[in-house]
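In what follows, every heavy atom counts, from backbone to side chain, and hydrogens, waters and symmetry copies are set aside. Computed from a prediction, not measured in an experiment: that's the story for all the values here.
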Amino acid sequence: MNRGYVAIALAAGFALLGGVVLQAGGWLATTTFYGYAVSELAGKALVTAAVVAGFYGAYALARDFLVHRTTDKVARHKAVSVLQLLFITLGTLAVLGVATDRWVPALVSLGVVGFAITFALQQPLLSLFGWVYIMVKEPYQVGDRVAIDGSKGDIIDVDFLVTTLWEVNGELVSSNQPSGRHVTVPNSVVLSAQITNFSHDDFPYVWNEVEVQVAYETDLEFASAQMRAAGEEFLGDEMERAVSRYRDLLAETPVELEVSERPSVNVQPENTFVTLRLRYLVSPKRGQRTKNELYERIIARFNDHPDRVAFPLGRNR
């Protein structure tokens with residue numbers, strides 16, 4: 001049976017039993033504990049349990065409805081987070097309303113200790129504000145690859161207080177590979193630190209480069225053409241479509257840039273060799289795999305033409 005229906009059934013049972021206890025007479029009404037009748041304390045405890053179970057059941061049913069009606073993972077995660085905060089807030093107010101009839105003293109007490117609580121919970125409150133900022137402004141969302149406060153990875157969860165990353169790079173690995181570790185970052189960081197998003201929905205691509213060192217005896221024009229051909233062969237029309245989207249985004253800003261829709265090669269002379277860099281557009285989550293494949297294709301093409309492409313002496317490439 002669905003846990004939401006179970007919780008609502010329990011809520012109804014607790015409410016019914018609580019009402020009976022509150023109306024009970026006899027020793028339950030005459031026996032007191034710290035100035036309160038046992039019937040009142042027990043009855044309010046049962047009604048409070050009914051409120052908690054009822055709100056939990058309603059939340060579970062609403063959450064299941066959203067999960068089954070929303071196919072987009074990002075939208076589903078955001079909707080569930082907002083729903084959870086809403087039910088927690090309303091449930092807390094309902095429990096306070098049931099547990100005490102003394103609203104005026106309670107409000108006065110909250111006013112007296114509010115200043116102290118603000119200081120005591122400063123960081124959690126800032127993280128909660130950060131969560132609101134993330135939900136509204138969307139500097140990142142679940143599934144994005146980001147760099148936050150020195151940590152880089154793919155976002156797997158954003159709750160009220162922390163953002164959880166599936167780490168990329170880090171101390172264990174390199175070359176944009178997952179390390180297997182989870183990194184938690186307080187949401188308050190978004191209010192004060194730089195956030196780098198590599199795969200935002202508006203444009204989930206980054207520029208990347210593959211570099212190869214060749215000798216000065218190389219036919220540089222031929223080698224550059226071979227690198228461009230390898231890039232076009234592997235990337236196909238995907239880069240052209242991505243660049244078209246990039247140009248559309250640029251057109252909405254005052255920035256003016258000339259962007260090639262096909263892979264391009266930059267030539268940089270060094271002391272004893274020439275570095276050729278193939279520049280292309282790729283999804284950041286496929287960056288290293290794409291670089292490996294392109295490098296292998298480029299080297300294979302160069303090796304097919306040893307009379308026109310020479311490598312520097314030594315083992316460095």
Side-chain angles (χ1 to χ4, degrees), residues 55-56 58-93 114 117-170 176-207 242 245-246 248-250 252-253 255 282-287:
F55 269 91
Y56 176 77
Y59 164 74
L61 293 176
R63 184 183 186 281
D64 289 344
F65 177 83
L66 286 175
V67 168
H68 290 97
R69 295 296 188 279
T70 309
T71 57
D72 184 83
K73 292 182 179 179
V74 175
R76 182 167 63 232
H77 181 275
K78 183 181 295 186
V80 169
S81 296
V82 173
L83 183 71
Q84 187 178 26
L85 181 62
L86 176 64
F87 271 88
I88 288 176
T89 302
L90 294 178
T92 301
L93 292 175
I117 291 177
T118 300
F119 274 96
L121 301 179
Q122 185 176 13
Q123 286 304 316
L125 287 174
L126 285 175
S127 290
L128 183 60
F129 293 149
W131 175 81
V132 174
Y133 175 82
I134 294 168
M135 292 295 106
V136 175
K137 298 295 291 183
E138 295 185 340
Y140 56 75
Q141 53 194 359
V142 172
D144 287 352
R145 175 162 293 185
V146 299
I148 308 175
D149 197 29
S151 299
K152 181 179 179 181
D154 299 321
I155 296 177
I156 58 176
D157 187 35
V158 181
D159 65 21
F160 304 134
L161 300 180
V162 299
T163 293
T164 303
L165 308 178
W166 191 281
E167 187 185 50
V168 172
N169 285 354
N176 291 319
Q177 298 299 305
S179 68
R181 301 191 303 185
H182 284 182
V183 178
T184 57
V185 181
N187 292 337
S188 58
V189 168
V190 302
L191 304 176
S192 59
Q194 175 178 298
I195 310 296
T196 303
N197 192 328
F198 298 95
S199 57
H200 197 275
D201 276 349
D202 287 341
F203 190 70
Y205 297 93
V206 294
W207 292 100
R245 173 59 179 156
Y246 187 61
D248 291 341
L249 292 174
L250 283 177
E252 300 173 2
T253 72
V255 178
V282 67
S283 167
K285 297 180 182 179
R286 294 189 285 110

Going by heavy atoms in the side chains, are Leu249 and Thr253 under 4.5 Å from each other? no
Just wondering, do Thr163 and Ile134 contact through their side chains at under 4.5 Å, heavy atoms? yes
Non-hydrogen atoms of [X] and [Y] that approach each other most closely:
| X | Y | value |
| --- | --- | --- |
| Leu83 | Arg63 | CD2-N, 3.7 Å |
| Pro178 | Trp166 | CB-NE1, 3.9 Å |
| Phe203 | Arg245 | CD1-CG, 4.0 Å |
| Ser283 | Tyr205 | N-CD2, 3.7 Å |
| Asp159 | Val162 | OD1-N, 2.6 Å |
| Pro284 | Arg145 | O-NH1, 3.1 Å |

Ignoring hydrogens and geometry, is there a side-chain-to-backbone donor-acceptor pair from [X] to [Y] under 3.5 Å?
| X | Y | value |
| --- | --- | --- |
| Ser127 | Pro186 | no |
| Asn187 | Phe160 | yes |
| Asp64 | Leu61 | no |

Can you measure from [atom1] ([X]) to [atom2] ([Y]) and round to the nearest 0.5 angstrom?
| X | Y | atom1 | atom2 | answer |
| --- | --- | --- | --- | --- |
| Leu90 | Leu85 | CG | CG | 9.0 Å |
| Tyr59 | Leu86 | OH | CG | 11.0 Å |
| Leu191 | Tyr133 | CG | OH | 8.0 Å |
| Asp149 | Ser192 | CG | OG | 7.5 Å |
| Thr184 | Leu161 | OG1 | CG | 11.0 Å |
| Ile156 | Asp144 | CD1 | CG | 13.5 Å |

Of Lys152, His182, Arg181, which is the lone residue that meets side chain to side chain donor-acceptor pair (under 3.5 Å) with Glu167? Arg181
